[in-house]
J.: 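Following this message is one structure expressed as structure tokens.
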Protein chains: 2
Amino acid sequence: MDVNHGLGEFEQLVLLALVRLGAEAYGVAIRDEIEREAGRDVTVGAVYTTLLRLENKGLVASRLGDPTPQRGGRRKKYYRPLAAGKRELAASVNALRRMTRGLTPGLELP
Amino acid sequence: MDVNHGLGEFEQLVLLALVRLGAEAYGVAIRDEIEREAGRDVTVGAVYTTLLRLENKGLVASRLGDPTPQRGGRRKKYYRPLAAGKRELAASVNALRRMTRGLTPGLELP
DNA sequence: GTCCATTTCTCCGACAAAGTCGAGGAAATA
DNA sequence: TATTTCCTCGACTTTGTCGGAGAAATGGAC
């Protein structure tokens, strides 16, 4: 009964990071990916909160990984986008693409 | 004292509509532009609230237009992005572009 | 001409949703 | 058991959303 009103900006970013990272998508890696690619500085806490909400909305799923053989190698929790998540993401990305169609990086209209 | 953390999704959309509409950017036209281009259904109230917040943050400015010679032609309030607004918008749009670089409309990685 | 219904547009107040942070806890290794 | 890596939780701020009220203008009935 909740015909979803689209993704927030950060949810979009997190979902995109999931797509980009593929099998390697877990909390810390996601944070790093966003910082590296989007140039945006966020805390891991923010990422986890968002991940949890996305999971509650049925847009992503998670699974626990095995412990890695390194100091402090705690089990990671990997995330992947579900079909509904991909659909939502594609919709909002494409909306953005339409809105920015024909705009230069400086936002001029050619 | 407020090292700004970027724009929300809707703020982004409204700002983009301003850029696209140029001199014709006022409340109702902005709503229509977003509906037409982004395919997203919003109320005018939502747009005004966002516009007001953007103005308070110094990202857009407004001026009153003249009454138009048509039934109910109340004076419009035109908005335009300020330098800081364009900067913010360009930053978040470019971040999105980097994150979606190489992704198909269906979000596959080629 | 005067009223008032109608149209166009803007403002406001309240609430829901998303975003953010920081401290703290669990599990693994050395 | 000290250290490292990662995840959870709770509190709070910022954004997003709506619906209805209000202001300004016109057109027509009388």
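We name chains A, B, ... by the order of the sequence lines, and we start the count at 1 in each one.
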J.: Does the C/dA27 base have a donor-acceptor partner in the side chain of A/Arg75 within less than 3.5 Å?
T.: no

J.: What is the distance, rounded to the nearest whole Å, between atom CD of B/Glu55 and atom C1' of C/dC11?
T.: 13 Å

J.: What nucleotide, of D/dA24, C/dA26, C/dA18, holds the atom closest to the side chain of A/Glu11?
T.: C/dA18

J.: Picking from C/dA26, D/dT17, C/dC11, which would you name as closest to the side chain of B/Tyr79?
T.: C/dC11

J.: Minimum heavy-atom separation for B/Thr100 to A/Arg20, with atom names?
T.: N-NH1, 4.5 Å

J.: Nearest 0.5 Å, what's the CG-CD1 distance between A/Leu51 and A/Ile30?
T.: 4.5 Å

J.: Between A/Lys76 and A/Gly45, who's closer to the 5' end of DNA chain D by nearest nucleotide?
T.: A/Lys76

J.: From C-beta outward on A/Glu9, which listed nucleotide comes closest to its side chain: C/dG19, D/dC6, D/dG22?
T.: C/dG19

J.: How many angstroms lie between CZ in A/Arg87 and CG in A/Leu82, if you round to the nearest 0.5 Å?
T.: 10.0 Å

J.: Nearest to the side chain of B/Val28, which nucleotide is it out of C/dG19, D/dT17, C/dC9?
T.: C/dC9

J.: Could you state the atom-to-atom distance from CG of A/Leu51 to C1' of D/dC6 in whole Å?
T.: 13 Å

J.: Let me know the distance between CG of A/Asp66 and C1' of D/dC6, rounded to the nearest Å.
T.: 15 Å

J.: Can you check whether A/Glu35's main-chain N or O pairs, donor with acceptor, with A/Arg40's side chain at less than 3.5 Å?
T.: no

J.: Quick one: is A/Arg40 getting a side-chain N or O under 4.0 Å of the C/dT20 phosphate, OP1 or OP2?
T.: yes

J.: Distance check: side-chain N/O of B/Thr43 vs OP1/OP2 of D/dC18, anything under 4.0 Å?
T.: yes

J.: Distance check needed: D/dG19 P versus B/Asp41 CG, whole Å only.
T.: 11 Å

J.: Of A/Tyr78 and A/Arg53, whose closest DNA chain D nucleotide lies nearer the 5' terminus?
T.: A/Tyr78

J.: Rounding to a whole Å, what distance do you find between B/Asn56:CG and C/dC12:P?
T.: 11 Å

J.: Looking across every strand, which nucleic acid part, if any, lies under 4.0 Å from B/Gly27 by heavy atom: base, sugar-phosphate, or nothing?
T.: sugar-phosphate

J.: Does a side-chain N or O from A/Lys77 land closer than 4.0 Å to OP1 or OP2 of D/dT8, or not?
T.: yes

J.: Is B/Lys57 paired with B/Glu88 through a side-chain N to carboxylate O contact shorter than 4.0 Å?
T.: no

J.: Might you confirm whether atom NZ of B/Lys76 has over 12 heavy atoms from other residues, nucleotides or ligands at distances under 6.0 Å?
T.: yes

J.: For B/Leu52 and D/dT17, what is the distance between atoms CG and C1' respectively, to the nearest whole Å?
T.: 15 Å

J.: Taking CD1 from B/Ile30 and C1' from D/dT17, how many angstroms apart are they, rounded to a whole number?
T.: 17 Å

J.: Starting from C1' on D/dC18, measure out to CD on B/Glu35 and report it in whole angstrom.
T.: 14 Å

J.: Does the side chain of B/Thr49 get closer than 4.0 angstrom to OP1 or OP2 of D/dT17 through an N or O atom?
T.: no

J.: Please tell me which of the listed nucleotides, D/dC6, D/dT17, D/dG22, lies nearest to the side chain of B/Arg74?
T.: D/dG22

J.: With a 4.0 Å cutoff (strictly under), does any side-chain N or O of B/Lys57 reach OP1 or OP2 of D/dT14?
T.: no

